[in-house]
Novice: 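I have a structure I would like to understand better, so I am pasting it below and will then ask my questions one at a time.
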Amino acid sequence: MLADVPENYRGAPEFEFLRAVPATWDDTRVVDGAVGDYISVARRSGEQWFVGTLTDERARTVEVPLDFLGAGSYVARFYTDSPETDLEDNPDAVAVTSERVDATTTVRARMTSGSGHAMWIVPAGGSERRNP
């Protein structure tokens, strides 16, 4: 869901992620969380995983183990706070990076206050797949 009018997302790198998120899920897992502080949830549709981590008003780094992934190698696209992200002065700065991951990978989700961290994970290889 868009928290604003769609025109405000035009050209925003995170819109790629929002467009890709499906409406139905095959699996949902709470990876980690503390009530009122933060939560990390992984959701699967087909072979693709979408992982979201949110924090409260406190900046924090959360360890997100990817042990829910099946065997093999995956490509993860990360949508994260940029180094210059600041809730008060620059809340819209987003960095997008990609790397290979597998079920032994633990991602460090660094978040400024009131923000989040998202991952779009697909199996590596295969021309029929949408790779992040």
Side-chain angles (χ1 to χ4, degrees):
M1 87 128 240
L2 297 175
D4 204 342
V5 294
E7 292 80 24
N8 289 342
Y9 287 91
R10 192 167 285 130
E14 64 273 23
F15 194 67
E16 161 186 74
F17 177 84
L18 295 172
R19 248 193 328 258
V21 174
T24 60
W25 303 102
D26 300 316
D27 193 3
T28 300
R29 301 185 189 190
V30 175
V31 179
D32 193 12
V35 175
D37 292 332
Y38 70 94
I39 188 164
S40 187
V41 176
R43 300 184 93 179
R44 182 180 58 80
S45 179
E47 295 182 309
Q48 299 183 60
W49 284 92
F50 296 83
V51 184
T53 303
L54 302 171
T55 186
D56 59 6
E57 68 280 349
R58 193 176 128 218
R60 72 180 76 238
T61 299
V62 176
E63 302 273 327
V64 183
L66 303 183
D67 55 0
F68 52 83
L69 294 175
S73 182
Y74 294 78
V75 176
R77 181 161 286 185
F78 303 98
Y79 302 84
T80 64
D81 291 326
S82 292
E84 62 274 2
T85 301
D86 178 75
L87 182 62
E88 298 297 321
D89 300 320
N90 194 14
D92 299 327
V94 175
V96 180
T97 58
S98 295
E99 70 179 59
R100 291 254 181 171
V101 297
D102 61 31
T104 66
T105 304
T106 296
V107 173
R108 293 178 54 84
R110 290 182 181 90
M111 298 169 287
T112 61
S113 62
S115 74
H117 181 279
M119 292 180 262
W120 177 12
I121 306 171
V122 300
S127 59
E128 76 284 355
R129 295 187 180 100
R130 285 175 44 184
N131 283 324

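All values reported here derive from a predicted model rather than from experimental measurement.
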Novice: Look at the side chain of Ser45 and the backbone N and O of Gln48, then say whether any donor-acceptor pair between them is shorter than 3.5 Å.
Specialist: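 Checking the backbone N and O of Gln48 against the side chain of Ser45, no donor-acceptor pair under 3.5 Å is found.
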
Novice: Got a second to check how far Met119's CE is from Thr105's OG1, nearest 0.5 Å?
Specialist: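 One gets 10.0 Å once the value is rounded to the nearest 0.5 Å.
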
Novice: Indicate yes or no: at least one non-hydrogen side-chain atom of Val31 is less than 4.5 angstrom from one of Phe68.
Specialist: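 Counting from C-beta outward, Val31 and Phe68 do come under 4.5 Å.
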
Novice: Between Asp27 (side chain only) and Arg44 (backbone N and O only), is there a donor and an acceptor less than 3.5 Å apart?
Specialist: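 No, the answer is negative, given that no donor and acceptor are paired below the 3.5 Å cut-off.
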
Novice: Once rounded to the nearest 0.5 Å, what's the spacing between atom CE of Met111 and atom OG1 of Thr80?
Specialist: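 The OG1 atom of Thr80 is 11.0 Å from CE of Met111, to the nearest 0.5 Å.
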
Novice: With Glu99, which residues qualify under side chain to side chain donor-acceptor pair (under 3.5 Å), at least two apart?
Specialist: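 Glu99 satisfies side chain to side chain donor-acceptor pair (under 3.5 Å) with no other residue.
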
Novice: Flag yes if Val41 and Val64 sit in one hydrophobic cluster, no otherwise; membership is Ile, Leu, Val, Met, Phe, Trp, Tyr, and two members link when side-chain heavy atoms are under 4.5 Å apart.
Specialist: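 No, Val41 does not connect to Val64 through the hydrophobic network.
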
Novice: CD/Glu47 to CD1/Ile121 distance, rounded to the nearest 0.5 angstrom?
Specialist: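 Answer rounded to 0.5 Å: 13.5 Å.
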
Novice: If the threshold is 4.0 Å, N to carboxylate O, is there a salt bridge linking Asp102 and Arg100?
Specialist: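 So Asp102 does not pair with Arg100 through a salt bridge.
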
Novice: Working to the nearest 0.5 angstrom, can you tell me the gap between Arg108 CZ and Thr61 OG1?
Specialist: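 If I round to the nearest 0.5 Å, the distance is 5.5 Å.
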
Novice: Could you state the interatomic distance from CG (Leu54) to CG (Asp37), rounded to the nearest 0.5 Å?
Specialist: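 If we round to the nearest 0.5 Å, Leu54:CG and Asp37:CG are 12.5 Å apart.
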
Novice: Is there a side-chain contact (heavy atoms from CB on, under 4.5 Å) between Leu69 and Trp49 once you walk through the steps?
Specialist: CA-CA 8 Å; Leu69 294 175; Trp49 284 92; 3.4 Å; yes

Novice: Please confirm whether the ring centroid of Trp120 lies under 6.0 Å from the ring centroid of Phe78.
Specialist: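 Here the rings of Phe78 and Trp120 have centres that are no less than 6.0 Å from each other.
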
Novice: Answer yes if Val122 and Val96 sit in the same cluster of Ile, Leu, Val, Met, Phe, Trp and Tyr residues linked by side chain heavy atoms under 4.5 Å apart, and no otherwise.
Specialist: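 Yes; Val96 is reachable from Val122 via cluster members.
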
Novice: Check the side chains of Thr55 and Arg60 for a donor-acceptor pair under 3.5 angstrom, ignoring hydrogens and angles.
Specialist: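 Yes - a donor-acceptor pair under 3.5 Å links their side chains.
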
Novice: So, taking the atom named CZ in Phe50 and the one named OG1 in Thr28, what distance separates them when rounded to the nearest 0.5 Å?
Specialist: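 So the CZ of Phe50 and the OG1 of Thr28 are separated by 12.0 Å.
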
Novice: Check whether any side-chain heavy atom of Arg58 sits under 4.5 Å from a side-chain heavy atom of Ser113, and report yes or no.
Specialist: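 Counting from C-beta outward, Arg58 and Ser113 never come under 4.5 Å.
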
Novice: Between Thr106 and Pro65, which heavy-atom pair has the shortest distance, and what is it?
Specialist: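 Distance-wise, the nearest heavy atoms are OG1-CA, 3.9 Å.
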
